[in-house]
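Working notes, beginning with the structure itself.
Note that the structure is predicted; figures quoted are calculated from it, not measured.
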Amino acid sequence: MSTKQQSFDLGNGLRKGGHYDAIFFGCYAETNTFDIRCRFDLRTKLNRARLQKAADAALKSYPEFAVRPVVYDGKICYEKNNNPVKLCPDDNKTRYFGADGPSGTNGYLFCFLCGDKHLTFSMYHAQTDAYGMISYVISVLWNYAKTTFPPIRFVRTNFFEPYGVRMNDLQFRMMDDMERYDAIVKFAADGKLYDPYEGKEFFPLPPEAHEKSDMSCRLVNLVISNSDFMKKTVELHTSYGPLLAALAAESINDTFDIEDKAIAVVLTGDSRRFFRSKTLCNMAYNTPIVLTKADMGMPMENICKKMRTQMLNQLKKSHVRETLKGIVKIGEDVFALGPIDGVAKYLAGPEGLKVQNEKTTIFLTYPGKIDTNPISRLLIKSVTPGMLAMDRAINVYCHGDDLVIQYSLKGDDLTLPVAMRDTLNKYGFDPIMFDMGRIAQNMLSFDKIKKVEKA
């Protein structure tokens, strides 16, 4: 049987995990957990009973999410999960993904954190990427809106389809197992890799001062006008990603002496677009944009042009296929290290995974505009991103006319967001800065998830 046709069914209600699963569970579990979030502030008081029904109903369209992680034969696998979706109070306490009990998530790799007039979707990144996260959450909000504002049930839902939002499980059933669960293997192939570094040595940010045992992140939001930002992209003949990366790079260059090194702002790309795939397993890949000290002396329009060229060279099918091959290889390397729970504990320890990628100054994730019309007009007052991980990162969301540029920090040094605020002011964006304080991180601990003995 070829790799691209094999079944993932292991019997006894279990299915195999994929290569990206191995990477996240091996490299980004325990103290290095990737907890990605999206907070929705509502126009009216949250009705938890309606949210519970909406979340459970939406899950029927996302069978790949209706699972719990288990360790089987030393590998990460999945077991069907029929529990209700976990709704937790938003009390800034740590929950454990995949676990049961009061501090768990009913076995799921996600949960909802609920306040009086807000809800936050918190998800372990191994489940899916930002595309899949937003898809499920919009389905939940649509179900919730139908019970809150019954007349909208007559609104046609086909406008959701271009964004991958499911109203049934048809898209799931149309794929084979490889595409559903391990799509990077299905689509990886020989290609031509574009290297933006060209032998340059990258500039690493100075290490943060923080206690590694402290499972929280400091979040700082910079809010600017999205319409003003859009006008600036038109003025500079560029697009959102390059301009965001250029502003981040300039703020770093103005703060630190990078000497003869290059600043590497790593954006994320969505490889689904090249294969017209509806899979919701992780399909993101890194697209680094690199600027030298000399580049920083150019006019902003020239900087954006250079960055956009680098970005577009990585938005080619040939480059993506070769990049996916590299991701598959990392997954194979994790498999080869031994039992996944032992690998995770080792990589989370002092001799394990290095904090920052060897060619990354800072990560910048921009999944795009969060626009759920008519849900947005009826339900949502504002949307705030959240990315709680092992290192500094920038996460950008747009809702309405708010463009939220969020810094996630492990320590309490606000040098980076303050520098970005100054850079945004320089270009006339008039940012409003909100220090969100320290946010408890939800975790994936192998001591708390199910173990299944091999028959």
Side-chain angles (χ1 to χ4, degrees), residues 19-20 23 36 125 128-135 162-164 179 183-198 200 202 229-230 232-234 236-249 262-292 295 300-330 357 359-371 387 393-398 403 405:
H19 285 68
Y20 239 139
I23 292 170
I36 63 176
H125 203 339
T128 185
D129 49 30
Y131 177 94
M133 175 184 75
I134 293 167
S135 175
Y163 305 101
E179 188 168 357
I184 59 170
V185 173
K186 183 179 181 74
F187 298 119
D190 291 339
K192 185 177 180 181
L193 201 66
Y194 170 78
D195 182 9
Y197 293 95
E198 299 175 345
K200 302 180 185 72
F202 90 103
F229 196 85
M230 185 178 295
K232 184 65 73 173
T233 64
V234 174
L236 297 173
H237 304 99
T238 190
S239 53
Y240 273 69
L243 182 52
L244 286 167
L247 293 167
I263 294 173
V265 180
V266 178
L267 307 178
T268 52
D270 180 8
S271 62
R272 294 175 185 84
R273 59 190 292 186
F274 300 99
F275 311 109
R276 297 182 180 179
S277 177
K278 299 298 184 182
T279 184
L280 294 184
C281 61
N282 277 285
M283 286 290 283
Y285 69 101
N286 290 341
T287 59
I289 300 181
V290 181
L291 287 176
T292 64
D295 294 331
M300 179 56 83
E301 182 173 349
N302 294 46
I303 293 174
C304 287
K305 181 178 180 180
K306 180 166 186 173
M307 300 189 94
R308 183 169 168 77
T309 298
Q310 291 184 29
M311 185 182 74
L312 292 177
N313 281 329
Q314 295 171 82
L315 297 178
K316 295 181 178 179
K317 193 171 185 177
S318 178
H319 172 85
V320 172
R321 283 193 178 279
E322 187 68 29
T323 299
L324 294 183
K325 276 179 57 181
I327 298 173
V328 172
K329 175 62 166 58
I330 295 171
N357 180 287
K359 287 189 174 182
T360 301
T361 303
I362 197 162
F363 283 99
L364 193 160
T365 300
Y366 174 58
K369 186 175 178 66
I370 310 298
D371 190 356
M387 179 74 76
I394 306 172
N395 202 23
V396 182
Y397 277 16
C398 171
L403 186 65
I405 302 170

### Task
Look only at the side chain of Thr287 and the backbone of Met311, and say whether a donor-acceptor pair between them is shorter than 3.5 Å.
no
### Task
Apply side chain to side chain contact (heavy atoms under 4.5 Å, CB included) to the pair Met300 and Leu236, showing each step before the final yes or no.
CA-CA 7 Å; Met300 179 56 83; Leu236 297 173; 3.6 Å; yes
### Task
Please report the closest heavy-atom contact between Leu315 and Tyr285, naming both atoms and the distance.
CD2-OH, 3.3 Å
### Message
Given 3.5 Å as the limit, does a donor-acceptor pair link the side chain of Thr361 with the main chain of Ile263, or not?
### Response
no
### Task
Could you check if a side-chain atom of Phe202 sits within less than 4.5 angstrom of a side-chain atom of Val266, using non-hydrogen atoms only?
no
### Message
Strictly distance-based, threshold 3.5 Å: is any side-chain N or O of Ser135 a donor or acceptor partner for the main-chain N or O of Tyr131?
### Response
no
### Query
So do the side chains of Arg321 and Lys317 get within less than 4.5 Å of each other, counting heavy atoms only?
yes
### Task
Could you tell me the separation between the CD atom of Gln314 and the CD1 atom of Ile289, rounded to the nearest 0.5 Å?
7.0 Å
### Task
Could you tell me whether the side chain of Gln310 reaches within less than 4.5 Å of the side chain of Val290, counting heavy atoms only?
yes
### Query
So is Lys316 actually on top of Tyr194's ring, under 6.0 Å and inside 45° of the axis?
no
### Task
For Tyr240 and Phe229, indicate whether the former's side chain and the latter's backbone hold a donor-acceptor pair under 3.5 Å.
no
### Query
Which value, rounded to the nearest 0.5 Å, describes the distance between Thr323 atom OG1 and Ile184 atom CD1?
11.5 Å
### Query
Would Phe187 and Ser277 count as a side chain to side chain contact (heavy atoms under 4.5 Å, CB included) if you check the C-alpha gap in whole Å, the side-chain angles of each, and the deciding distance to 0.1 Å?
CA-CA 10 Å; Phe187 298 119; Ser277 177; 3.9 Å; yes
### Query
Is there a side-chain contact between Met283 and Phe274, using heavy atoms and a 4.5 Å cut-off?
no
### Message
As an exercise, state the distance from NE2 of His19 to CD1 of Ile327, rounded to the nearest 0.5 Å.
### Response
11.5 Å
#### Entry: Check: Asn286 side chain, Pro288 main-chain N or O, donor-acceptor pair, under 3.5 Å
no
### Task
Give a yes or no on whether Lys200 atom NZ has more than 12 heavy-atom contacts from other residues, nucleotides or ligands under 6.0 Å away.
yes
### Query
Taking atom CZ of Arg272 and atom CG of Asp129, what is their separation to the nearest 0.5 Å?
4.0 Å
#### Entry: Value rounded to 0.5 Å, distance of OG1 in Thr365 from CD1 in Ile394
9.5 Å
